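Counting starts at 1 for both ligands and their atoms, following the listed order. Side chains included, hydrogens not; waters and symmetry mates left out as well; all remaining heavy atoms used. Everything quoted here is computed from the prediction, not taken from an experiment.
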Amino acid sequence: MTYRSGFVGIVGRPNVGKSTILNYYLGEKIAIVSSKPQTTRQRILGVLTRPEAQVLFLDSPGLHKPEHVLGRYMVEVAKSVLEEADVIVAVIDGRVSLRPEDERVFDQTRQALEQRASSRQHRSALLAINKVDAVKKPKLLPLLKACAQQRLFDDCIPISALTGEQMPVLLDAIIAHLPEGPRWYDPEHHTDQPASFRISELIREQVLIATHQEVPHAVGVIVDQIEERPRVLAIHATILVERDGQKAIVIGREGAMMKQIGSAARQQIERLLGKKVHLGLWVKVAENWRDNERVLRQLGLFRYVSEGKDVTIQDHGNPE
Ligand code: GDP
Ligand code: MG
């Protein structure tokens with residue numbers, strides 16, 4: 001039997017369910033998920049080891065029009081995932097008609113395919129039509145027909161990452177298109193994210209769930225300290241926001257919001273680490289941190305863009 005392995009880039013506009021797909025296949029929360037766009041800010045590796053293949057999923061931030069250094073970084077990361085992938089899985093939301101942002105994703109997929117073709121490396125693209133649990137099946141027919149008529153995708157597969165419907169079909173298609181290759185990672189190894197980054201993400205996820213409008217975008221989380229104490233792990237983290245008003249929202253009346261965020265995040269972290277956790281949270285205002293490269297590095301961003309090289313973003317100015 002040929003063993004297959006390679007990178008599978010999950011790409012698409014924000015909020016179509018890319019991270020939910022990754023988590024479904026890995027059976028654990030590798031990437032945080034929320035109903036707010038631009039939840040994923042980083043390239044996230046999820047390693048799925050099977051008897052016949054090792055699938056190296058790369059979850060990516062949604063391709064969007066960036067407004068900050070952070071946003072430009074996110075778009076760079078998404079592009080690097082397109083470049084690195086052996087199999088591209090472009091994800092769309094099957095509940096709604098195609099948007100210009102989806103078309104842009106298709107264009108970039110096409111470019112990535114052409115690039116590889118010119119270097120004679122094999123690469124394929126699949127279209128995952130997600131969220132079909134919320135669609136009446138006949139409504140999908142025109143989309144499937146249109147997809148079959150163009151030559152970009154090798155396969156167009158309706159799925160639901162929420163219910164798992166057709167997810168094995170997508171996985172089989174992914175594996176069938178992977179190149180021959182070795183088992184790169186130990187099967188126990190599920191991701192390359194440091195524990196501190198996963199902890200900060202679980203805290204940020206709870207802030208995203210609890211807040212609305214511009215607040216989720218303005219939130220960053222830094223884990224300051226992880227301290228082993230008898231029978232408990234003490235974690236101290238800072239939640240960054242951009243304005244006093246946002247700080248007041250995150251803290252809430254008499255600290256009620258903080259309490260809710262802290263307790264939900266603590267439970268998630270305990271589940272991840274399998275240990276009892278004491279979580280201390282601070283909220284700090286850092287104006288325009290999304291344009292501050294130093295802060296972005298503190299947040300664990302600016303890691304591995306195209307094989308470990310840091311991304312250089314020329315324009316550091318505020319685009320306003
Ligand atoms: P991403 O920005 O593309 O990574 O999207 P997420 O994975 O963060 O998901 C965005 C939202 O879509 C979340 O609220 C998910 O629960 C929801 N979602 C993801 N997959 C499905 C699905 O198959 N069906 C439905 N109904 N919702 C989904
Ligand atoms: Mg995501």
Side-chain angles (χ1 to χ4, degrees), residues 8-46 57-66 70-71 73-82 85 88-99 101-102 104-106 108-109 126-137 139-140 143 156-171 191 193 197-198 200-213 216-217 219-221 264 268 299-301:
V8 175
I10 310 175
V11 300
R13 69 173 163 84
N15 227 20
V16 290
K18 298 178 292 299
S19 299
T20 309
I21 293 174
L22 176 77
N23 293 341
Y24 178 88
Y25 285 133
L26 273 290
E28 64 174 300
K29 191 177 285 172
I30 298 280
I32 62 166
V33 165
S34 88
S35 59
K36 317 289 177 342
Q38 298 170 36
T39 298
T40 309
R41 290 172 172 167
Q42 181 61 280
R43 184 193 96 159
I44 292 175
L45 174 71
F57 285 108
L58 294 176
D59 186 15
S60 63
L63 280 159
H64 65 285
K65 275 217 179 87
L70 172 63
Y73 169 72
M74 286 160 62
V75 169
E76 284 303 315
V77 170
K79 286 186 183 162
S80 80
V81 164
L82 273 163
I88 295 169
V89 176
V91 186
I92 58 171
D93 182 341
R95 300 173 307 175
V96 294
S97 49
L98 285 184
R99 303 212 178 134
E101 298 118 286
D102 296 311
R104 224 168 301 144
V105 172
F106 297 167
Q108 299 203 322
T109 301
L126 304 170
L127 182 70
I129 306 167
N130 193 26
K131 310 199 185 183
V132 297
D133 54 282
V135 186
K136 292 211 172 65
K137 298 294 174 299
K139 275 191 78 178
L140 289 173
L143 201 57
C156 307
I157 304 169
I159 58 163
S160 169
L162 210 57
T163 66
E165 192 183 343
Q166 292 255 92
M167 290 295 277
V169 177
L170 176 62
L171 184 60
T191 183
Q193 302 171 82
F197 184 75
R198 289 185 80 177
S200 69
E201 287 287 273
L202 290 174
I203 297 167
R204 189 164 64 86
E205 181 177 53
Q206 293 308 322
V207 182
L208 295 189
I209 290 170
T211 59
H212 304 282
Q213 285 156 358
H217 295 291
V219 168
V221 177
Q268 292 280 333
L299 288 166
L301 302 168

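- Inclusion of S60 in the first shell of the Mg ion (ligand 2) is not supported: no N, O or S atom falls under 2.8 Å.
- At least one N/O-N/O distance between N15 and ligand 1 falls below 3.5 Å.
- Every N/O-N/O distance between V132 and ligand 1 stays at or above 3.5 Å.
- Classification of R204 and E201 as a salt-bridged pair holds, one side-chain N sitting under 4.0 Å from a carboxylate O.
- With a 6.0 Å radius and a threshold of 12 heavy atoms from other residues, nucleotides or ligands, K137 has its NZ atom above the threshold.
- Geometrically, ligand 1 and A161 share a nitrogen or oxygen pair separated by less than 3.5 Å.
- Where the criterion is an N or O separation shorter than 3.5 Å, residue side chain and backbone included, G17 meets it with respect to ligand 1.
- Under 4.0 Å is where a charged nitrogen must lie from a carboxylate oxygen, and between D59 and K18 no such pair does.
- Ligand 1 has a nitrogen or oxygen under 3.5 angstrom from a nitrogen or oxygen of N130.
- When the options I44, T39, V33 are ranked by their closest heavy atom to atom 15 (C) of ligand 1, first place goes to V33.
- Not a single N, O or S atom of T39, from either the backbone or the side chain, sits less than 2.8 Å from the Mg ion (ligand 2).
- Under the 3.5 Å distance criterion, the side-chain polar atoms of E165 are left unmatched by any main-chain donor or acceptor of S160.
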